[in-house]
Amino acid sequence: MEAPCQKIVWDVLPAIRAAIAVELVKCGVSQVEAARMLAIAPSAVSQYLSGKRGYRIEFENDVKQSIEQLARDLMDGREVNLVQRTCDICRQLREGDEYQCGTGSENHRGSS
């Protein structure tokens, strides 16, 4: 049996980090700088970008907008509480109509 918190740790958080990393690189930030901004290893960013890690969830609507806003805030050098903002995005995803932790589905879409 998979507990909902396991789903978050193994699927949701890596997917959020991957989406932020992809957004940063898409906007011209280097992989090394994206890693620094996210306080993760450059190899993790590389794995996110190649789809080897954090690929199981696609985000839509408000969740996607929150991820894009976080990426913009990081790029703009704003003071960001990355842990809190990541938790907020996770909470937003879990409160969406189509996502409930522990459903067993591999491809959830966060929408509100």
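We count residues from 1, following the sequence as given. Predicted model, so just to flag it, every value in this text is computed and none were measured.
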Arg85/Asp88 salt bridge by N-O under 4.0 Å criterion:
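No, Asp88 and Arg85 are not salt-bridged.
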What's the separation between atom [atom1] in [X] and atom [atom2] in [Y], rounded to the nearest 0.5 Å?
X	Y	atom1	atom2	result
Arg53	Gln47	CZ	CD	4.5 Å
Arg17	Ile67	CZ	CD1	12.0 Å
Cys27	Leu74	SG	CG	11.0 Å
Met37	Ser30	CE	OG	8.0 Å

Which atom of [X] lies closest to which atom of [Y], heavy atoms considered:
X	Y	value
Ala15	Ile57	CB-CB, 3.8 Å
Ile8	Pro14	O-CD, 4.0 Å
Gly54	Ala18	O-CB, 3.5 Å
Arg78	Arg72	NH1-O, 4.4 Å

Spell out, as yes or no, whether a donor-acceptor pair under 3.5 Å connects the side chain of Gln92 to the backbone of Asp62.
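Checked: pair present.
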Please confirm whether the backbone N or O of Ala3 pairs with a side-chain atom of Gln6, one donor and one acceptor, at under 3.5 Å?
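At least one qualifying donor-acceptor pair exists.
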Would you indicate whether the side-chain heavy atoms of [Y] and [X] approach each other to under 4.5 Å?
X	Y	value
Val83	Asn81	yes
Phe59	Ile89	no
Leu70	Ile16	no
Tyr48	Ile20	no

Any side-chain donor paired with an acceptor under 3.5 Å for Gln69 and Asp73?
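Present: a donor and an acceptor within the cut-off.
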Tell me whether Leu38 is reachable from Trp10 by hopping between hydrophobic residues (I, L, V, M, F, W, Y) whose side-chain heavy atoms are closer than 4.5 Å.
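No, Trp10 and Leu38 fall in different hydrophobic clusters.
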Hey, quick one: are Val22 and Val80 part of the same hydrophobic cluster, counting side-chain heavy atoms closer than 4.5 Å, chains of contacts allowed?
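Yes; Val80 is reachable from Val22 via cluster members.
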